[in-house]
Amino acid sequence: MLGQLAADRSMPFVCVQPMQTSWARRSEDLTFDKTDDKDAILIARLTAQLRCYVPEPVEETWGRLRHLGSRRERLIVEAVAQVQQMRDLLECVWPAALQDRPAAVPVAHLGRHDVGDPGP
């Protein structure tokens, strides 16, 4: 969205890595305190030193792929949490069932499914 606003005004749009801003802040005054004014000056200085990059334009296909990747990651995290919760509950009511069983579901199986994921 910011890139589009800059393009509408014929302004160049660049990004600075947050880690570079953090490093510059620490090297300048050896503190971790963060203020908008101080960060604006640091970002302007890093941009003037060409320690920035031109972001890739977001295309619909890549945006969808990025969305699906983050959704997949969220589903895997939820599945692992549910398996762990089931193991914890089962351990409370039937501990013998967990003896001589693997401690966790192999992660390789969590991302697989037979039915296509329709997505949101």
Side-chain angles (χ1 to χ4, degrees):
M1 177 176 224
L2 289 176
Q4 184 61 44
L5 290 172
D8 291 346
R9 290 167 178 75
S10 300
M11 295 173 59
F13 180 71
V14 295
C15 294
V16 175
Q17 291 287 343
M19 185 60 78
Q20 283 217 321
T21 306
S22 176
W23 288 337
R25 186 183 314 113
R26 277 187 244 150
S27 67
E28 189 170 283
D29 58 7
L30 300 174
T31 64
F32 295 97
D33 67 319
K34 192 176 161 177
T35 63
D36 289 341
D37 293 337
K38 201 186 266 189
D39 279 353
I41 292 168
L42 284 173
I43 291 169
R45 189 175 300 129
L46 290 170
T47 303
Q49 295 170 355
L50 299 179
R51 293 184 183 182
C52 56
Y53 64 94
V54 177
E56 297 269 335
V58 178
E59 297 175 2
E60 183 178 347
T61 304
W62 286 110
R64 176 81 173 141
L65 184 61
R66 206 172 12 253
H67 166 74
L68 290 174
S70 64
R71 183 169 186 268
R72 178 181 181 273
E73 179 70 24
R74 188 178 66 246
L75 290 174
I76 289 172
V77 168
E78 288 172 5
V80 169
Q82 290 171 0
V83 167
Q84 187 60 45
Q85 183 180 16
M86 286 188 287
R87 288 186 60 79
D88 291 344
L89 293 172
L90 188 58
E91 188 175 43
C92 292
V93 296
W94 192 17
L98 295 176
Q99 291 176 351
D100 300 325
R101 300 282 186 237
V105 174
V107 176
H109 295 294
L110 292 176
R112 295 185 187 166
H113 48 80
D114 296 325
V115 180
D117 184 10

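The main-chain N or O of P18 is never found under 3.5 Å from a side-chain atom of S22 such that the two would form a donor-acceptor pair.
Listed here is the closest heavy atom pair of P55 and C15: CG-SG, 3.8 Å. Between A97 and L90, the shortest heavy-atom contact is CB-CD2, 4.2 Å. Closest approach of R25 and D39 over heavy atoms only: NH2-OD1, 3.0 Å.
With values rounded to the nearest 0.5 angstrom, I43 atom CD1 is found 11.5 Å from Q17 atom CD.
Residues I41 and R45 have side chains in contact (heavy-atom distance under 4.5 Å, counting atoms from C-beta outward). Taking 4.5 Å as the limit, some side-chain heavy atom of M86 sits within range of a side-chain heavy atom of V83. A 4.5 Å side-chain heavy-atom check between R87 and E91 finds every atom pair outside the cut-off. By the 4.5 Å heavy-atom criterion applied to side chains, D8 and Q4 are counted as neighbours.
Scored by the salt bridge (Lys or Arg N to Asp or Glu O under 4.0 Å) test, R66 finds no partners at all (sequence neighbours excluded). Every residue was checked against the side chain to side chain contact (heavy atoms under 4.5 Å, CB included) condition with E56, not counting sequence neighbours, and none meets it. Residues satisfying the side chain to side chain contact (heavy atoms under 4.5 Å, CB included) test with A6, not counting sequence neighbours, are M11, F13.
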Q: I would like to know whether V16 and R51 meet side-chain contact (heavy atoms from CB on, under 4.5 Å); could you show each step before the answer?
A: CA-CA 7 Å; V16 175; R51 293 184 183 182; 5.9 Å; no

